[in-house]
Amino acid sequence: MTETEAAIILLSAKVALAATLFALPLAFAVAWLLARRCFVGKGLLQAIVTLPLVLPPVATGYGLLLLFGTQGPLGRLMEAVFGLTFAFRWTGAALAAGVMAFPLLVRPIRLSLEAVDRGLEEAAATLGARRIIVFLTVTLPLALPGLLAGAVLGFAKALGEFGATITFVSNIPGQTQTLSLAIYSLLQSPTGDAAALRLIVVSILLALGAVLLSEWAGRLIRRGGDGRA
Amino acid sequence: MTETEAAIILLSAKVALAATLFALPLAFAVAWLLARRCFVGKGLLQAIVTLPLVLPPVATGYGLLLLFGTQGPLGRLMEAVFGLTFAFRWTGAALAAGVMAFPLLVRPIRLSLEAVDRGLEEAAATLGARRIIVFLTVTLPLALPGLLAGAVLGFAKALGEFGATITFVSNIPGQTQTLSLAIYSLLQSPTGDAAALRLIVVSILLALGAVLLSEWAGRLIRRGGDGRA
Amino acid sequence: MGGLEVDIAGKAGSFAVSARFTAAPGVTALFGRSGAGKSTILKMIAGTARPDEGRIVSDGRVLFDAAAGIDLPVRARGIGFVFQEDRLFPHLSVRRNLTYARWAGRRAVGRPLPEVVALLGLEDHLDRLPGTLSGGERQRVAIGRALLADPRILLMDEPLSSLDRQRRAEILPYLEAVANETCIPVLYVSHETEEVARLADKVVAVEAGRVRAVGSPAEILGGEEGGETAVLLEGRVTGVDPHYETATVDIGGATVELSAPGLPMGARVRLRVRASDVAIATRPHEGLSIRNQLSCTIERVTVKGSAAEILLALGEKRLVSRITAKSAEALGLAVGQRVVALVKAVSVERARLMRPDEAVE
Amino acid sequence: MGGLEVDIAGKAGSFAVSARFTAAPGVTALFGRSGAGKSTILKMIAGTARPDEGRIVSDGRVLFDAAAGIDLPVRARGIGFVFQEDRLFPHLSVRRNLTYARWAGRRAVGRPLPEVVALLGLEDHLDRLPGTLSGGERQRVAIGRALLADPRILLMDEPLSSLDRQRRAEILPYLEAVANETCIPVLYVSHETEEVARLADKVVAVEAGRVRAVGSPAEILGGEEGGETAVLLEGRVTGVDPHYETATVDIGGATVELSAPGLPMGARVRLRVRASDVAIATRPHEGLSIRNQLSCTIERVTVKGSAAEILLALGEKRLVSRITAKSAEALGLAVGQRVVALVKAVSVERARLMRPDEAVE
Amino acid sequence: SERLTIFAAASMKDAMDRVVPAFTAESGVEAVVSLAASSVLARQIEAGAPADVYVSADVEWMDWLAERGLVREASVKTVAGNALVIVSSAAADGGVADILAHGRVAMGDPSHVPAGRYARAALSHLGLWETVRERAVFAENVRVALELARRGEAAAAIVYVSDAQAVGLSPRYTFPPESHPPILYPAAATAKAKPGAEAFLDFLAGDTGQAIFRDLGFARPATMGADGPENRTGGR
Ligand SMILES: Nc1ncnc2c1ncn2[C@@H]1O[C@H](COP(=O)(O)OP(=O)(O)OP(=O)(O)O)[C@@H](O)[C@H]1O
Ligand SMILES: Nc1ncnc2c1ncn2[C@@H]1O[C@H](COP(=O)(O)OP(=O)(O)OP(=O)(O)O)[C@@H](O)[C@H]1O
Ligand SMILES: [Mg+2]
Ligand SMILES: [Mg+2]
């Protein structure tokens, strides 16, 4: 593996990990709202959350550019408040990946939350546990399989994200060029097939690793959560 | 709305629907295997299923082109056996969309299947129901929320699929140009923004419709499946 | 005549179970403390758990045979199972739950649905989903579902535990009738000695995963720690007083009168007489409301703390009387002495009407 | 002294519930048929269901007041709840389930864990997950979890329904002691008249969603259809025979001897005498093992089918005797007649030791 | 009636939008245009796509197809040319070095976008590549690069003059033609093209077609070098 390739792989992992980790809590919150609360715009919220899946990634990329670019309203805000710049940075790649992965995170978590037995939460409350404690000791552990499924889907998507990323942060080697972008670039040139294939294999290995890890974690959770032979 | 736009919308809906409907049973079967069976290559199978998410869509598109193109081995097979051609047809667009949506279908279904109380299936068996009947009367209805969640994610993804589709079946108006591809085409021209926006709005509306429909179906299922106030 | 033969050994997790007993048509009770392995044995018979060794044969059909590699699938075992936890289908209405074996299991239509629904008092709930049923209602649906499955073996795991006395009193005779009419073995797990005495032909005592003893209810329940001492007497109805609704039962060597509306002449019954309901007199008395005054011989006197248990010989039969040790001493009771056992007619429980072909033990 | 005042009306789905009663410290039984609304009432008190109207006050604290808009959250109500279905946390070990209120609920450490674990016989299962516990084991964990929650009100929905007699006999006195020591109201749902008579100070009879009657166990259980007729007599121990382990209890106007090891002199007790355990003689008899021969006056004779229930006045107290109608006729029993009630000492159950401060009803 | 399928590079969108109706009006032959990246289209033609005409933004991919005998070599025509310019939202004035001195510079990805390759060549020629590379933003296509400059995300963008003209931006600087390889848009009939394909190519190279290209800001291919529109005989 060349040094450039190693850098690309590292960057990809970093971007995908950051995207998943940051999107996860937010996705959980949204999933919780959708699973547990009744409000008027519920269907609408679910639809909005699903949008990045429906729109062509290029459109989402443009949207991100308009909102989070250095000139965009949110971009300026983030810059001013957190000193965080997205445009043409790996952070932007993570943002794009996170946005695109978001719907994939929300759905399984919502599904799991809907399946949690409310009776157990009630039981916890009768034992004196405050809401947040009930959440941490009962709801969250019981929703773990969904969280895990969402995280795997989201991570995989973040790893593979291409359209929105290239539109939002461009393809800057060493800064925003993730595996996907690199593979794409290579495939665009008549002579890039072999190099592209190498990176594709790397991608596959990364995904395999993530999936196997999640399967293993899933078994742990199930052993813990079920106990039925 | 122009006539062309109407045709594009119809085609998109047809492609997304076909992709979802055909992928659903297969996804269910795979999800069932993953949820219920123990075999050596399980993690590997899950990884393979997840692959279309990880690879840049263009790579998946090229893969499809190699396999299912008129010259590809599977393409020839399908042509010979079913008289079904994928290359540069709407069927190919549906295939690409189905492949890309596949991981999104499998995960929530698997999650739901894992959550189905095996005790209920045992109870059904003690009442004389054969496996397939147990499946149809107990497992499937109880896994419906996951099926629904998978179907919505999958349909949305199929609607929005771009990279693999344009690579596999090209962007031929009236034949393979779905909403996503049309939006892409319009965005290529500096003057296309307005028209692109119209189609984006149409996409959003379609997604909204699908999501609202699924929310409504979900409520029906939950009313049926839970009964707890 | 087909029965159930069980001879299995296996594990549930780290808990080892081994059981060997037969269950003839009629009710066989599995009796034992919580965690003894009763449910596990039922599951192995049903096929939802797998023994490691042994055989299970029902009515000549081999359901399981480890040596021969036979393991009939659950659906083909022809069972009806009332699980300890109810396991109702949450997505199906009560009606569809009840009739599941018919529309999904293709079991024959046996007992009529309205009859079972009426017995269980579920008329008002047929179109509801199980989710909001009360605990007892759920349990009743579970019983109905198993009864309507037209089973060849009925496995019932504490089916009446959350039902009120009145409902139990309605369901018990029905179960009794089911066992008698259909001539199928019923394996019945219960902690209620009364229920067991009332229903069971045979009791399998389970302890720490093994069968401690198999015997008649009298044998097993009599010695049950924490239970009440009682004897079961079997006999034939020789006299019926339709006006006072009493019956006279010949228990061989003596007759006992009891309050029992509707007992047919000539019927064979099992009577349950609790030791604490038997008083002792040194001679017959007039002017007592106690009409059963049976001449017996004292066979044994056992003093247990403040109480004395007197074993009485009444011809072939045995009666037990439980009185205070103080009384026993005051009356100067001794082995070999002739005394009169006083048994109130209302205290005699008709434990069970027996089938004509059933052997008197 | 704090108690629980309940005056609520509401709905569970389409089922309307209204209940008004108070529960003093000690055990109050909710008694009623399956589907009567007992669990629903408990849920409303716990706060997991919401009444439409009314008030719930515990020990002066308003838990719920529809008019004032007060609705304390479940966690703040200070309850311990044994649900009818066990609701154990499937992902937590038995130990963590038992101690949940401590590490998650921040409830005070009251009763020591080892004591409760030993009582419930859960020593061997502490590190297991609930998934594979037997039905009775699950129920025991649920009881332990509620007991260890240091509750100010204990709500128990059929807590002993799937436990064996011996285990029940161990747990009942403990529950009794908990109620007495901690001076908290315990609302107890049960179908076992015995259990209720043993434990309860007061019975709330629930029928079709409303409170049909509130009263002492004697009043309510006596008239219970399908149950056995029995009376509860309260009195003071006036004599103890340490050798024979009998006690003499003055029930006001008469003394009753019973077999009761360990009853202290002067203690106040509640005795339960079943109607079927009371025989009648027209005059006192010698040579009988029946030592309690109480002179009474017949107040009422009720013929119920083949049986006759004779209400007997014993000074202020009332006894009920159940004999066959045939006997009643043979003895020529009539209202106003002086007779002797025969009560075997071993048949008298000491239903409950009362607290010193408890009023004799 | 026969219908032509034109596989055209995405950057040809506006041109095709105008050429095709004109061609249909003149010849009565209908045509549809499939727009995608030149590379994608080329590979699809290799895989047997039902394309009659391939219009590439890039000589390389046309050669790649020609090599494989997938286009009729004789039909290959260079139908348009273009010039490379710098657009900038900043008001800075001065030479090319000054314009590119600060901020991000958006351009096509030199690894595969033709405009990016030309830009890299031009900058290298001017000795600016090393200083600009650090601040360069490699967009997926010229349109995105242009958009980045227009929205102020990048200080400047190196784009085709035709693109700049389309959005009404006037170029700050035009790279001299000798600073980069000639920018050419070759078109050809595919090996299994329908008969009308040649007519379409002729139309592209003809007066009406060329007028449309001119109007959109494309350069006349004849001015770009020896190969006229009539007979560009490809590299090899
Ligand atoms: N997978 C397992 N691992 C360990 N122990 C188990 C497992 N499954 C069951 N057991 C234990 O086996 C014992 C018997 O369980 P079983 O359910 O048969 O008891 P039971 O007699 O039905 O009791 P109950 O009356 O309480 O329902 C219990 O102590 C239980 O904890
Ligand atoms: N959501 C609901 N919709 C309709 N009926 C309901 C609903 N929830 C409860 N019920 C009915 O209310 C009645 C009372 O239920 P509850 O659980 O309080 O009974 P219970 O007295 O505890 O009975 P059990 O002894 O059987 O547990 C039952 O008949 C039940 O079916
Ligand atoms: Mg059990
Ligand atoms: Mg209840």
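Sequence lines set the chain letters: A, B, ... in the order given, protein chains first and strands last, and positions in each chain run from 1.
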Which one wins on heavy-atom pair count under 4.5 Å against chain C: [options]?
| options | value |
| --- | --- |
| Asp277(D), Asp164(D), Ile290(D), Ile323(D) | Asp164(D) |
| Ala281(D), Gly136(D), Gly37(D), Gly287(D) | Gly287(D) |
| His285(D), Glu329(D), Glu158(D), Gln139(D) | His285(D) |
| Glu192(D), His191(D), Glu257(D) | His191(D) |

Hey, what do you get for [atom1] ([X]) to [atom2] ([Y]), rounding to the nearest 0.5 Å?
| X | Y | atom1 | atom2 | answer |
| --- | --- | --- | --- | --- |
| Ser289(C) | Ile310(D) | OG | CD1 | 8.5 Å |
| Arg165(C) | Phe31(D) | CZ | CZ | 7.5 Å |
| Ile280(C) | Leu288(D) | CD1 | CG | 10.5 Å |

| request: Taking all heavy atoms of Arg33(C) and all of Gln166(D), pick out the closest pair and write down the distance. | output: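 For Arg33(C) versus Gln166(D), the nearest heavy atoms are NH1-NE2, 3.1 Å.
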Between [options], which residue shows the highest count of heavy-atom pairs closer than 4.5 Å to chain D?
| options | result |
| --- | --- |
| Ala330(C), Gly332(C), Ser161(C), Ala328(C) | Ser161(C) |
| Gly135(C), Gly32(C), Ser162(C), Ser190(C) | Ser162(C) |
| Leu133(C), Leu163(C), Val340(C), Asp241(C) | Leu163(C) |
| His125(C), Lys38(C), Glu170(C), Glu286(C) | Glu286(C) |

Answer with side chain, backbone, both or neither: which region of [X] has an atom nearer than 4.5 Å to a non-hydrogen atom of chain C?
| X | result |
| --- | --- |
| Thr324(D) | both |
| Leu342(D) | side chain |
| Leu331(D) | side chain |

| task | Hey, could you give me each pair passing salt bridge (charged side-chain N to carboxylate O under 4.0 Å, His left out) that has a residue in residues 131-140 of chain D? Not counting sequence neighbours. | result |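 For residues 131-140 of chain D: Asp86(D)-Arg138(D).
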| task | Please flag which part of Ala279(C) lies under 4.5 Å from any non-hydrogen atom of chain D: side chain, backbone, both or neither. | result | both
| message | With heavy-atom distances below 4.5 Å as the criterion, would you say the side chains of Ser34(D) and Ser134(C) are in contact? | response |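 A side-chain contact exists here, since the closest heavy-atom pair is under 4.5 Å.
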